[in-house]
Amino acid sequence: MKTQVAIIGGGPSGLLLSQLLNKAGVETVVLERSTRAHVLSRIRAGILEWGTVELLNEAGVGARMAQEGIPHDGCYLTDDELMVHIDFKELTGKQVMVYGQTEVTTDLYNAQDAIGTTVIHGVEDVSIHDLDQATSYVEFTHEGARKRLECLYVAGCDGFHGVSRRTIPEEKRSEFERVYPFGWLGILSETPPVHDELIYSNSRHGFALASMRNENLVRYYVQVPLSDKVEDWSDQRFWDEFSRRIPSDAAARLITGPSIEKSIAPLRSFVAEPLRWGNMFLVGDAAHIVPPTGAKGLNLAASDVYYLYKALIDAVKGGSKTGIDEYSARALERIWKAMRFSWQMTTMLHRFDGEDAFAEQMRKATLTHLATSETARRDLAENYIGLPF
Ligand code: FAD
Ligand code: DHB
């Protein structure tokens, strides 16, 4: 088999890159380990920056999002009973969009079907070769047979546990990491949202987040110790804990119901450099992970795709290699700023085991500063709605 760009991973990064490249007449083959049903069942991000919305529109997959997505003008951050309103619209003129990652991925798969691109599911033992030659190749096992795919470029869109990043020799890679001593337990429940905007709650009992997918589907989270298992959390235990972590006015309005999904995600900050190794480029979670506080994971994947798809079109069609030469440095500059914001939001809103009274006072002071300073709120809003690509 032959293609122009081999894309490893059919999650949001791989599919969006494939969609944008094919629309511009650059041919791709996407190699995905899991089934399509499995990719679509993973409940993850829920908030899109406006730049991500515009990129999805540019990719021709914005129609259902325009109908079913919910634009949000702001969110709340709390310190026990204090609710600080961050009015994105007033402070920055911009909004964000509530539209789940599963919906984005569904729209991308449907669009790929419509233009007839090749997405191969169930591939195993992917290996990447000859990245320093004019033509590279990817080997993989599919339906019991070893296959070879020749290509000009490889896009490593295979998430944190993928093979692409590890194809770069260890001594040529720098990795920066912070592992947080807690995770997020998330549930989906077919109940109306407790508030019309998101609430990021800093409470004496730990962090909670009230998010949503639509007017009758909520996504709520609580901070939990890393040792906790999903089985430790009955629905009743979740609702009791969630309601004592959000301000009492909101708790009084909370409507509970059975959970239809429940999972725990550990929190981590991670960056690998460089993002380019010969003909291969790392994109999205393959190169970096942010803790979810601040909703940057999926949006960072989208900004990587934005830089790379233009660069690859120039390299494949226009004969200019400037874009691919600059990709790693350009993408990393924005990645590090989002790393900083996600780390700051995480530190500001979570209780750390064994922390002292001083740390708690610092969190409180940060939130009261936000409550009283428009400058501080504007800075937060500018980062939350997404720095320019
Ligand atoms: P992925 O979504 O990881 O996609 C990578 C794809 O590559 C997968 O489909 C995988 O099956 C495939 N793959 C892996 N290895 C191979 C291989 N060897 N060969 C072929 N294919 C392979 N972000 C937020 O903003 N908010 C959230 O609430 C949030 N919650 C999250 C919860 C969890 C449990 C996780 C893991 C992430 C969460 N994120 C969240 C982050 C966000 O979902 C990711 O940033 C986003 O999915 C990145 O997209 P991606 O396509 O780069 O990687
Ligand atoms: C959601 C997840 C986040 O990490 C976040 O910051 C906001 C919303 C969500 O799943 O809806």
Side-chain angles (χ1 to χ4, degrees), residues 6-18 30-36 38-49 52 70 72 75 77 96-102 104-105 108-109 119-128 138-142 155-167 183-188 193 197-200 207 209-214 217-221 261 263-268 270 282-305 335 338 341-342 345-346 349 384 386:
I7 299 178
I8 322 287
S13 304
L15 295 171
L16 180 57
L17 181 65
S18 177
V30 177
L31 303 175
E32 166 59 48
R33 191 181 50 188
S34 312
T35 62
R36 183 158 163 169
H38 182 255
V39 174
L40 293 176
S41 70
R42 294 187 298 224
I43 308 295
R44 291 180 171 181
I47 300 285
L48 306 181
E49 296 171 359
T52 305
I70 314 170
H72 274 209
C75 73
L77 269 53
V96 295
M97 179 76 98
V98 171
Y99 194 61
Q101 178 166 333
T102 47
V104 172
T105 317
L108 283 164
Y109 269 121
V119 181
I120 306 176
H121 286 275
V123 305
E124 294 172 315
D125 299 325
V126 170
S127 58
I128 306 164
V138 178
E139 280 190 342
F140 58 98
T141 302
H142 187 239
C157 302
D158 48 354
F160 184 64
H161 300 287
V163 294
S164 305
R165 182 178 70 253
R166 283 177 280 124
T167 301
W184 279 16
L185 167 68
I187 68 155
L188 265 185
E197 291 187 336
L198 268 63
I199 304 175
Y200 288 85
F207 173 77
L209 168 60
S211 182
M212 67 191 75
R213 291 293 179 272
N214 62 44
L217 185 60
V218 296
R219 181 72 167 158
Y220 293 157
Y221 299 92
E261 196 267 355
S263 50
I264 295 183
L267 267 66
R268 176 196 307 270
F270 174 87
L282 300 180
V283 181
D285 279 18
H288 44 76
I289 298 285
V290 285
T293 338
K296 289 287 161 255
L298 178 59
N299 292 298
L300 262 190
S303 60
D304 289 355
V305 168
I335 289 162
F341 178 66
S342 307
M345 287 281 282
T346 303
L349 294 166
Y384 193 95

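Predicted, not measured: the structure shown is a model, and the values here were computed from it. Remember, it's 1-based here, ligands and their atoms both numbered in the order they're listed.
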From L209, V126, D285 - option closest to atom 48 (C) of ligand 1 by heavy atom: D285
Main-chain N/O of F160 paired with D285 side-chain donor or acceptor, under 3.5 Å: no
Closest protein heavy atom (residue, atom, distance) for atom 21 (N) of ligand 1: R33 N, 3.2 Å
Structural part of L198 in contact with ligand 2, heavy atom criterion under 4.0 angstrom: side chain
Nearest neighbour of atom 3 (O) of ligand 1 from the list R42, H161, R44, R36, on a heavy-atom basis: R44
N or O contact, A295 vs ligand 2, cut-off under 3.5 Å: yes
Ligand 1 contact on Y221 by region, counting heavy-atom pairs under 4.0 Å: side chain
Which residue and heavy atom of the protein sit nearest atom 5 (C) of ligand 1, plus the separation: C157 O, 3.4 Å
For G294, the ligand 2 atoms whose distance to one of its heavy atoms is below 4.0 Å: 6 (O)
Subset of ligand 1 atoms that lie under 4.0 Å from at least one heavy atom of A295: 25 (O)
Options A286, G14, A45, S164, ranked by nearest heavy atom to atom 24 (C) of ligand 1, top entry: A45
Enumerated ligand 1 atoms positioned under 4.0 Å from heavy atoms of G162: 15 (N)
Sidechain-backbone polar pair: H142 side chain, H121 backbone, donor-acceptor under 3.5 Å: yes
Test item, R213 contacting ligand 2 (heavy atom, 4.0 angstrom): yes
Trace of the side chain to side chain contact (heavy atoms under 4.5 Å, CB included) decision for L267 with T293: CA-CA 9 Å; L267 267 66; T293 338; 4.3 Å; yes
Where ligand 2 meets R44 - atom numbers and elements under 4.0 angstrom, heavy-atom basis: 10 (O)
Side chain, backbone, both or neither: the part of V290 lying under 4.0 Å from ligand 1 by heavy atom: neither
Protein residue, atom and distance nearest to atom 10 (O) of ligand 2, heavy-atom basis: Y221 OH, 2.6 Å
contact_flag V98 ligand 2 heavy-atom lt 4.0 Å: no
Side chain, backbone, both or neither: the part of W184 lying under 4.0 Å from ligand 2 by heavy atom: side chain
Close-contact set for ligand 2 against I47 heavy atoms, below 4.0 Å: 7 (C), 8 (C)
Ligand-residue contact atoms, ligand 2 with R219, heavy atoms, under 4.0 Å: 10 (O)
Under the ring-ring contact (aromatic ring centres under 6.0 Å, His included) test, residues paired with F140 that sit two or more places apart: none
For S211 against Y220, the heavy-atom pair lying closest together: O-CE2, 3.5 Å
Closest non-hydrogen atom pair between G156 and S164, with its separation: CA-OG, 3.2 Å
Nearest-contact summary for atom 5 (C) of ligand 2 - protein heavy atom, Å: Y200 OH, 3.3 Å
Minimal non-hydrogen separation, I47 against N299, with atom names: O-ND2, 3.0 Å
Donor-acceptor contact below 3.5 Å, side chain R166 vs main chain H161: yes
Top protein contact for atom 4 (O) of ligand 2, by heavy-atom distance: P292 O, 2.7 Å
Check against side chain to side chain contact (heavy atoms under 4.5 Å, CB included), F207 and T346: CA-CA 9 Å; F207 173 77; T346 303; over 6 Å; no
4.0 Å heavy-atom contact, K296 with ligand 2: no
D158 side chain vs V163 backbone, donor-acceptor pair below 3.5 Å: yes
Interfacing atoms of ligand 1 (cut-off 4.0 Å, heavy-atom, S34): 11 (O)
Close aromatic pair by centroid cut-off 6.0 Å: Y384 and H72: no
Expected output: side-chain S342 to main-chain A338 donor-acceptor under 3.5 Å: yes
Heavy-atom nearest neighbour in the protein, as seen from atom 18 (N) of ligand 1, with distance rounded to 0.1 Å: V163 CG1, 3.8 Å
Side chain to side chain contact (heavy atoms under 4.5 Å, CB included) evaluation trace for R44 with L298: CA-CA 9 Å; R44 291 180 171 181; L298 178 59; over 6 Å; no
Intermediate values then yes/no, side chain to side chain contact (heavy atoms under 4.5 Å, CB included), D304 and I335: CA-CA 9 Å; D304 289 355; I335 289 162; 3.6 Å; yes
Protein heavy atom at shortest distance from atom 14 (C) of ligand 1: D158 O, 3.1 Å
Selected option - heavy-atom contact closest to atom 50 (P) of ligand 1, from S13, G284, G186, P266: S13
Over all atoms of both residues, closest heavy-atom pair of V283 and S13: CG1-CB, 3.8 Å
Per-atom contacts, ligand 1 versus K296 - under 4.0 Å to a heavy atom: 25 (O)
Distance from atom 4 (O) of ligand 1 to nearest protein heavy atom, with residue and atom: G11 CA, 3.6 Å
Shortest protein heavy-atom distance from atom 42 (C) of ligand 1, along with the residue and atom involved: Q101 OE1, 3.6 Å
Protein heavy atom at shortest distance from atom 34 (C) of ligand 1: A265 CB, 3.7 Å
Closest non-hydrogen atom pair between T102 and L40, with its separation: CG2-O, 3.2 Å
Those atoms of ligand 2 less than 4.0 Å from some heavy atom in S211: 1 (C), 8 (C), 9 (C), 11 (O)
Shortest protein contact, atom 6 (C) of ligand 1 (heavy atom only): E32 OE1, 3.6 Å
Where S34 and V39 come nearest, the two heavy atoms and their spacing: CB-CG2, 4.2 Å
